[in-house]
Asks: 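One structure, as structure tokens, below. Some questions next.
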Amino acid sequence: MVPAADDPDGATVSWRALQAEAERALAPVTDRPGVDARRIIERASGNLGADYVLGLDDPVTERGMHFFDTMLERRRLGEPLQYVLGRWGFRDLDLLVDRRVLIPRPETETVVDLALAELDRLREPDRILIAVDLGTGSGAIGLSIAAEREQVEVLLTDASADALAVARANLAGLGRAATRVRIAEPGEWFAAVPAEHRGAINLLVSNPPYVALDDDLPAVVRDWEPSSALFSGPDGLDDLRRIVGEAPEWLAADGVLVVELAPHQAEAVAGLARAAGFVEVEIGADLTGRSRAVVARRSATS
Ligand code: SAM
Ligand code: GLN
């Protein structure tokens, strides 16, 4: 039995008491302090799901108390919950996340759905498809594709060596699918892609930076997430212009580009894709129904 931490009166402290303390402390920081408190307790206690409630009256260990205190203090100072926990769910994956990478967003899960639909359309028996996730950050998009589809080899790229270190750690936790994933040397967009892939990529997918420099981002995003993952010139389109413009020469004849964007950029990016020579260009929506991606195909589907 691990010794329980004592409170100043000499009595043991339960997780339930810490949950109440965290909820009080976080009320000024977030409008859902109960949710954040629960996630912090789950992480500190290791009690997830049904075990969370069952373990609430267990005595807190010294180590658990220290972990709790550190996480609560960081969250109290405004750090996003995802960085404080150090892990965040994306589709089926439980990804390591820290300040080296963008926190994976729910809207990006929809972008993965669009990419998977294209892979399914291109699939033939015994055909191995090549997918490249440009600007992979935590690895969210590319690792999900590798985990959710066989017959696909995935290359992850990023300009940031720090981000690739996080992607590498997440790749290590992927299991069997990891054998089908490669991580490129750090480099800017297509400069990071080995020359042998030119004209041979079946799916290019990217959630690049697309925020305009003077955009009003929520403080929690602007103050904590890497600016190199967010901002892309005066209209937010600098990186999308480069990616869309160079994509055709890297794609196979029936290859597809899927890019995430902000809703107000969809028409402009669709126009860029047509101008770059893509034959079929569609706009995809996220779960809230807002334009969130462009799917551009080099050849017609019918
Ligand atoms: N793909 C991840 C996701 O969806 O959660 C991260 C997306 S984040 C919006 C953009 C990523 O692009 C960051 O990891 C950033 O380091 C990378 N990036 C920014 N500029 C780049 C460039 N010029 N070349 C390659 N990657 C770049
Ligand atoms: N969705 C992010 C935000 O506005 C932006 C991500 C990006 O630039 N790709 O918070």
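Atoms within each ligand, like the ligands themselves, are counted from 1 in listed order. Counting begins at 1 with the first residue of the sequence. Atoms considered below: every heavy atom in the structure, side chains included; atoms not considered: hydrogens, waters and symmetry mates.
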Asks: First locate atom CD1 of I183, then atom OG1 of T157, and finally report the distance between them rounded to the nearest 0.5 Å.
Replies: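 If we round to the nearest 0.5 Å, I183:CD1 and T157:OG1 are 10.5 Å apart.
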Asks: Record the part of T157 in heavy-atom contact with ligand 1 below 4.0 Å; permitted values are side chain, backbone, both and neither.
Replies: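 Looking at T157 and ligand 1, no heavy atom falls under 4.0 Å.
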Asks: Any non-hydrogen atom of S232 lying under 4.0 Å from ligand 1?
Replies: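 Judged by the 4.0 Å heavy-atom criterion, S232 does not count as contacting ligand 1.
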Asks: Of all the non-hydrogen atoms in the protein, which one sits nearest to atom 3 (C) of ligand 1, and at what distance?
Replies: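 Result for atom 3 (C) of ligand 1: N207 ND2, 3.7 Å.
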Asks: Nearest to atom 2 (C) of ligand 1, what protein heavy atom do you find, and at what distance?
Replies: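 Sorting protein heavy atoms by distance from atom 2 (C) of ligand 1 puts T136 O, 3.2 Å first.
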Asks: Which atoms of ligand 1 sit under 4.0 Å from any heavy atom of G187?
Replies: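 Within the 4.0 Å cut-off of G187, ligand 1 contributes 24 (N), 25 (C).
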Asks: For atom 26 (N) of ligand 1, what is the closest protein heavy atom, and at what distance to 0.1 Å?
Replies: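 So the nearest neighbour among protein heavy atoms is A159 N, 3.2 Å.
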Asks: Should D158 be listed as contacting ligand 1, given a heavy-atom distance under 4.0 Å as the test?
Replies: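 D158 counts as a contact of ligand 1 under the 4.0 Å cut-off.
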Asks: Check the side chains of D286 and T288 for a donor-acceptor pair under 3.5 angstrom, ignoring hydrogens and angles.
Replies: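 Side-chain D/A pair, T288 to D286: present.
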Asks: What residue and heavy atom of the protein are closest to atom 22 (C) of ligand 1, and at what distance?
Replies: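 The answer is W189 CE2, 3.3 Å.
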Asks: Taking the six-membered ring of Y52 as reference, does the NZ or CZ atom of R38 fall below 6.0 Å from its centre and within a 45° cone about the axis?
Replies: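 So R38 does make the cation-pi contact.
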Asks: Could you tell me the residue and atom name of the protein heavy atom closest to atom 6 (C) of ligand 1, and the distance to it rounded to 0.1 Å?
Replies: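 Answer, as residue, atom name and distance: G135 O, 3.5 Å.
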Asks: For atom 23 (N) of ligand 1, find the nearest protein heavy atom and state the residue, atom name and distance (0.1 Å precision).
Replies: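 Ranked first by proximity to atom 23 (N) of ligand 1 is E188 OE1, 2.9 Å.
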Asks: Among all protein non-hydrogen atoms, which one is nearest to atom 19 (C) of ligand 1, and what is the separation to 0.1 Å?
Replies: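 Heavy-atom neighbour on the protein nearest atom 19 (C) of ligand 1: S228 O, 3.2 Å.
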Asks: Is a donor from one side chain sitting under 3.5 angstrom from an acceptor on the other, for D238 and S232?
Replies: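 On atom types as modelled, these side chains do not qualify, holding no pair under 3.5 Å.
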Asks: Using a 4.0 Å heavy-atom cut-off, say whether T108 meets ligand 1 through its side chain, its backbone, both or neither.
Replies: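 The answer is the side chain.
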Asks: How far is atom 9 (C) of ligand 1 from its nearest protein heavy atom, and which residue and atom is that?
Replies: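 It is A229 O, 2.9 Å.
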Asks: In this structure, does ligand 2 have an atom that sits under 4.0 Å from one of the heavy atoms of P208?
Replies: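 Right, P208 reaches ligand 2.
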Asks: Report the part of E225 in contact with ligand 2, treating N, CA, C, O as backbone and CB onward as side chain, heavy atoms under 4.0 Å; options are side chain, backbone, both, neither.
Replies: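 No part of E225 is near ligand 2 at this cut-off.
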Asks: Going by distance alone, is a donor N or O of one side chain under 3.5 Å from an acceptor N or O of the other, for E280 and T301?
Replies: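 Short answer, yes.
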